[in-house]
Every structure is written in structure tokens, then in C-alpha cells.
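Computed from heavy atoms alone, side chains included, the values below leave out hydrogens, waters and symmetry copies. Just so we're on the same page: letters track the sequence lines, and every chain starts at 1.
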2 protein chains.
Amino acid sequence: MITTRDIAEHLGVSVSTVGRALADDPRISEETKFRVRQAATEMGYVGNRAARMMRGASSNVVALVIPDIRNSFYSTIAHELSKNMEAEGYQLMLSETDDDRMVELRHLRELSANRVAGVIIVPTARPHGESVKLLRALPHLQLLRRHTSLGSQWFGVDDHEALRQATAHLVTQGHTRITYMGGPEELPTGAERLRGFRSALSDGGLPDHAGRAELGPPSSVEHGRETVRRLLKGPDAPTALVLGSIQLTLGVLEELSEQDVNVPADLSVVGFGDEPGFSWWGPGLTTIGLPIQEMATGCALWLMRRLKTKPSNDGPYTSLSPGSLILRGSTAPPGAAASASG
Amino acid sequence: MITTRDIAEHLGVSVSTVGRALADDPRISEETKFRVRQAATEMGYVGNRAARMMRGASSNVVALVIPDIRNSFYSTIAHELSKNMEAEGYQLMLSETDDDRMVELRHLRELSANRVAGVIIVPTARPHGESVKLLRALPHLQLLRRHTSLGSQWFGVDDHEALRQATAHLVTQGHTRITYMGGPEELPTGAERLRGFRSALSDGGLPDHAGRAELGPPSSVEHGRETVRRLLKGPDAPTALVLGSIQLTLGVLEELSEQDVNVPADLSVVGFGDEPGFSWWGPGLTTIGLPIQEMATGCALWLMRRLKTKPSNDGPYTSLSPGSLILRGSTAPPGAAASASG
DNA sequence: TCCAGCAGTGCTAACGTTAGCATAAGGTGG
DNA sequence: CCACCTTATGCTAACGTTAGCACTGCTGGA
């Protein structure tokens, strides 16, 4: 690897001169700068950021710590971050936790050792104590899920309101046997969504047993399939389904398609997220749309500013984006005549 | 930030001792090791990889350079790589090029400056000369697209055979007006897929004008919609469509759903890739399935081995994975009676 | 004539870690 | 009692870059 020293020896100048010429220092003559730059290009010099960092410069790497990049929420976020950061000269490091706190810890250890400039994290349900320590030592912000003990900045969507709205829509249509399928209460998002579901039920004056909650692994398509299969076979099958995760929605849609369930006549469905296939599924899937892209952009901008300016610790910041119900054809009053047509 | 020196001073030993204790050097007594490790944990010491790299250690970062992480091919690849590399202690850097060679160049410059251990790249159509130079100086391999002037290892799928097979299926059913929609010929994958399409036509004894090719931006959903809209309106609309990219397929499916085109009676469609919604689209989408996951795993393993062992430059290696046609309901002989049913 | 000031460049130390060599203490055999 | 080995640790240099300070000529004013 070519170093500034190689260039210096080649030109018969000192390393300082080379360093300054490359940094466009005004004290260096234009002629020298020209010769240095030319030599650098010819010799294929590429600066060594590790050495720079030793001299106190910060790295230009920001890490994104998420459960699984295949989830379109997260790939959208990664894309949005990457795009915004590239413009500022930052690179994106990707760490997948698979919702395993030990994997999350291992990643945070590596990221800390690599002295990343900042971290954007969707924390696991209950992060390891060391993870919390490591995060506290870094500029970071939380995304979607909020682990309160971190006490740091958070960007997320209004999960409570989104599920309340979706459930209220079904209650208004007269459903009295509604099942919510979502992630575990341990996850901040899971807890919020469940609360939103429950509060819509009580707002609608429905008794407790009107709503059932099926909680489980939120990122398992297969779990969605199995659960809905079980629900349909059960004695008091629901007339409406509200979903609390993309993967569960995908599983449910696959299963309902295969079993040729009559939606919305026999079952109303409100999905989560808005994937490409949702619009052409059966009668069109009514679903909870979330402004993931806007949220990711906001969070990228926030972090970029935070990294460029000094600490500026003006207390924890919270940005809550509202969701919106996208109405299509998969919901109708219970027992309505089959309305599906060519 | 705590350094080995801080620990050394705290314990009244030398930095060498601390360094060796943390590296589990057999020359250090167990008692000292214990004290050092305890102090390190208490003081929250995190090793500085930048400093290590200065001493010749290689980084533990591998970069993935792709057009767009939102494309499920690439997010699958990223996931597979991340998973395999995490097990070996490597971290994944994500660089999106948006198929822009200048963005690609900027990323490669940054990656080189950061001294990444290796690069896995899906090159743009015509990489910049400097990009080629930078790549040559790094352990790297190409994925999906093969830029031959790099002369390096390549992992990909048999695009030619995949399209040949898909097109042959339509030819066998008697179609004589088939349109292929895909990426530009500049892209290695685009050229291969087009060749596959053409060779199926000539194998089937069809005249040149039987097949039409609509080439354009492969990652634009909107372009897919527009193109199919135009084709359907045209004077000699095709009776069958073969697609050469996921995004185009998504656009086409959306448009055909909205326009209520009768598939396969009025139009047969063979998609590209196998997204969740493809199975429940209309009569079920017949599509070209590609073993992306297996390919990504193979390429992760190859790079891991390459990084752990010495150069081992036993010539360029090529791994070609076959695709397979997934038959569903979206293809039928032209003009067949509508067979779609509840 | 001499010194101040300036432009342009060189020297050196420092960042945190590691590896080679040196050192110190304690034990063993001759 | 000394040479020698072993065990445990210390000292120092080096990695590539940058910043502070020092230096060398040269110009211009006193």
C-alpha cells in the first residue's frame, strides 16, 4: 500500500508537505500541490482512515442495527439512510440481530471497537446490560422500538394510534369477534399495538372477550400461517383479523389465499404495512400504512446534524409519526353477502 | 475513551502486560490476566481496531456494493452474507450505487480508505476506470453481473438458460407474439437474458419479428407499468410477456390488476423472481425462480475462506447457479377460453 | 546594514496497539 | 557460588497521519 511517505520520497519532499498538499493547506505552493496530487494519482495513493482516526479524527461510518434486512420496513430504512448519508460522506454499516440480544451485543462490541461515528438501532426486546453501556458511550438513536432505559432519542410511528384506528374501523362495521395477531408484549411496539387494539375495543363499548390477542414471533411468516389456520378451525372463529406485523400479514394472506377463504364476507382482514402484493391480494387488502420512509429520512438528517455539531445534548428527543389506514376491499360488516366479483 | 495505558496505570503494570493479558498470551501469569480483565471490564475498555490496523492487522469489515437494498434479491443477499459473516466475526458495510457509476466510484474510494477486508459487488453497467483499479487492489468478487475486464471471481445465476426456459415454455404453448421486458444490454445480466429470450425463439423456429424486446431501466416499477400500458394499447399487442427483473414484474402486475386484464386468456405472463405476492396474484404467477439465497451463501463462504487463507490465486472462479421455472396459472395457449374460476 | 515578517517547507511527537528484544527474579545443576 | 534456564514483565519502535513548532530564504522598511 502506497503511503504519504512513498510519495514524499518519490518527489524528494517531506511527508508533512505531502500531507498538507493533499489537505489543500494554503501554506503549500500551488506548484508543489500540483506535483503531489499528480504523483498521488499516478502511484494510486489511497489515504488510510485508520491512521487518521488515530490522530483524533472520527470515523465516517454509521451503523444500522436491525432485526432483519429482508423485512421491507428495514430495507426501506436502510435505503433512506444510505442515500442521505452518502451525500454527507458517511458509510453505512449493517448489523442484523435476528432479535437475539446476544447477537445484538456481539455486534455492538464490534461496532464500538471499530469506533463507528454513530448508531441507529431497533433494539431487541430486552437488550443486554453491556449493550446499554456500549450504546450510551456512542451517539445513537432508537428507531421504531423504544427501550426507555436508554433514555435516548427515538424516532418511531404511533403504533397505539395505528392499531386503535384499524380496530375501530372493524368495530364500527359491527364486528364483535376480532382477533389481533402481533408481536410479544416484551417488544415496545408489540405492547403499544396491543394497547391500541384494546383501547379501540373499549372505546367501542365491546366486552373484553370480544377481542382476542394472538401474540408470537412477529417476524415469522410461517407463524402467521399456522396461527390463522388454527383460528379458522377453532370453535369461535373470529369474524375479523387485525395484524401487527408485515411478516405475519404475509403469512396470513398466503394461507387465506390457499384456503380460498371468502374475504370480506366470512372474514375481514386489516393488514400491517403496505407491500406491493397487498393491493392485488383478493379484494384488495385494507391495511395500516406507516410513513417509514419519511421517518427514516428524518432520523438520518437528525443524526447527520448531531454528528456534525458538538454534543448539543438538549435532552431526549422524540419524533412520533402518525400512520394511516388504507381502505381497500378486505373489510366489511360481519356476515355481509359475498360481494367479491370478477 | 479508555486505553490499555489507562488500565496499565490503574494497575501499576506496563501497557505490554495489559495488551498481552487481553490477548491471552501464555507468558502472562493467570493472576495478572485476571486482574487485567477485571479492570478492563470495570473501566469499560473497548479495543481500538484502528490502532490494531496500524500494526498490520486487517479490518474485519466486508463491503457489499449493490444497486438498491430495497430490491428483494439484494436484501436476501445482504441477509445471507451478514449471517454467514457474523459467525466469523466480520461486519458488513452496505453501499448502494443506484446503478450510477460515479456513486459507485465514491463508495469504492471510501471503502478503500477504510481498508475494508473485502468487497462483494454487483457492478454498474460500465464501472469507472478508477473503480476497476480500486477493486483490483482489494480481495473482491462479483455477484450476478459480471464485468469481464475485472477478471475476478464471479457468482451468478444462469440468466441465459433461465430466460431461454421461460420463453420456450411460451413458445411450446403456441405463442407467436411474445414481448420480453428487461434491463439494457449494457448490463451483463440484461444482455444474457435477452440472448436467452432470442435463442428460445429461434430454437422454436419462430421468425425474428415474433419476439419483441422492450429494454429500459430494470429497477423502475413505474417503467414496468408504463411499458405494459403502452404495449396493451398498441396495434399488435403481444399475447405473452416474459419479464427480466423483479421491479418490472411488480409494475406489470400492478398495472394488469388495475386494468383487469384477463390472464392468461388474453395475455400470458412469466414473471421474474418469486416475491410473496406472486403466488396470489390473479391466477398465480408463473415465474422464473432463482436460487439467490444459495448463491449468496456460497459467495459468503468463498470470501470468508479467501480472507482467512493467503492469496491462493488459483485463477478466476465462476459459479453459475441454475434457475427454475415455477409453473402457476398465468400462462396458457393464446386465445384459450377463459379458465379463471372462483 | 540589519531585523521583522512572510512564504514555504522540514522535523518531531503523538494517537493506541503489538512484537521483538531486554531485563529481573527465582530456581536448578554442576 | 556461578552459569544457565524459566517465568513474568518492561522498554521501545513501528504502523500512517497530522499539527505544532522550527527553520530557511527572501522581501521590505528602518
Side-chain angles (χ1 to χ4, degrees), chain A residues 1-37 39-40 43-61 89 109-117 137-138, chain B residues 1-37 39-40 43-61 89 109-117 137-138:
Chain A
M1 267 295 175
I2 305 295
T3 70
T4 47
R5 185 176 169 174
D6 297 322
I7 301 179
E9 283 174 1
H10 178 71
L11 293 178
V13 295
S14 72
V15 273
S16 313
T17 302
V18 173
R20 283 195 272 254
L22 293 173
D24 203 21
D25 191 305
R27 287 176 301 178
I28 300 294
S29 71
E30 285 304 322
E31 195 222 332
T32 308
K33 278 186 193 172
F34 178 78
R35 292 201 310 142
V36 169
R37 279 188 264 222
M43 300 170 75
Y45 170 78
V46 178
N48 184 335
R49 183 160 283 111
R52 266 195 175 174
M53 284 172 65
M54 296 278 313
R55 293 276 319 167
S58 77
S59 92
N60 68 336
V61 176
R109 279 193 187 135
E110 287 298 333
L111 297 174
S112 301
N114 279 333
R115 298 290 189 273
V116 294
L138 285 168
Chain B
M1 265 296 175
I2 304 295
T3 70
T4 48
R5 187 176 168 176
D6 297 322
I7 300 179
E9 282 172 2
H10 178 71
L11 292 178
V13 296
S14 72
V15 274
S16 314
T17 303
V18 173
R20 283 195 271 253
L22 293 174
D24 203 20
D25 191 304
R27 286 175 303 176
I28 299 295
S29 72
E30 284 305 321
E31 196 223 331
T32 307
K33 279 186 194 172
F34 179 77
R35 292 201 309 142
V36 169
R37 279 187 267 226
M43 300 171 74
Y45 169 77
V46 178
N48 184 335
R49 184 161 283 112
R52 264 195 179 173
M53 283 171 67
M54 296 276 316
R55 294 276 319 170
S58 77
S59 91
N60 69 335
V61 176
R109 279 191 187 138
E110 288 297 333
L111 296 174
S112 302
N114 279 332
R115 298 289 190 274
V116 294
L138 285 168

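Summarising the geometry, atom CD1 belonging to I7(A) is positioned 7.5 Å from atom CD1 belonging to I2(A); distances are rounded to the nearest 0.5 Å. To the nearest 0.5 Å, the span separating CG on D6(B) from OG1 on T3(B) amounts to 3.5 Å. The distance from atom NZ of K33(A) to atom CD of E30(A), rounded to the nearest 0.5 Å, is 4.5 Å. For the atom pair S14(A) OG and R5(A) CZ, the distance stands at 12.5 Å (nearest 0.5 Å). Note that OG1 of T32(B) and CZ of R37(B) are 10.5 Å apart. Values are rounded to the nearest 0.5 Å.
Between D25(B) atom CG and dA19(C) atom P the separation is 9 Å, expressed in whole Å. If you take CG of L22(A) and P of dT9(C), they are 14 Å apart, rounded to a whole angstrom. Atom P of nucleotide dA7(C) and atom NZ of K33(A) are separated by 13 Å, given to the nearest angstrom. Here the C1' atom of nucleotide dC11(D) and the CZ atom of R27(B) are 13 Å apart, to the nearest Å. Following rounding to the nearest Å, M53(A) (CE) and dC15(D) (C1') show an atom-to-atom distance of 15 Å. Straight-line distance from the CD1 atom of I7(B) to the C1' atom of dT9(D): 17 Å, rounded to whole Å.
Partners of R115(B) by side-chain contact (heavy atoms from CB on, under 4.5 Å), not counting sequence neighbours, listed by chain and number: M1(A), V46(A), N48(A), M53(B).
No donor-acceptor pair closer than 3.5 Å links the side chain of N114(A) to the backbone N or O of V116(A).
Under the 4.5 Å side-chain criterion, counting only non-hydrogen atoms from C-beta, Y45(A) is not in contact with V18(A).
Between T17(B) and the phosphate of dG10(D), there is a side-chain N or O to OP1/OP2 separation shorter than 4.0 Å.
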Could you pull out the protein-nucleic contacts involving nucleotides 16-18 of chain D (nitrogen or oxygen on both sides, under 3.5 Å)?
unit_1  : atom_1 : unit_2 : atom_2 : d
dG16(D) : N2     : A51(A) : O      : 3.4
dT17(D) : OP1    : Y45(A) : OH     : 2.5
dT17(D) : OP1    : N48(A) : N      : 3.4
dT17(D) : OP2    : T4(A)  : N      : 2.7
dT17(D) : OP2    : T4(A)  : OG1    : 2.8
dT18(D) : OP1    : R52(A) : NE     : 2.6
dT18(D) : O2     : R55(A) : NE     : 3.3
dT18(D) : O2     : R55(A) : NH1    : 3.3
dT18(D) : O2     : R55(A) : NH2    : 3.4

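Recorded end-axis angle for the helix from dT1(C)-dA30(D) to dG30(C)-dC1(D) stands at 80°, based on five pairs per end and rounded to 10 degrees.
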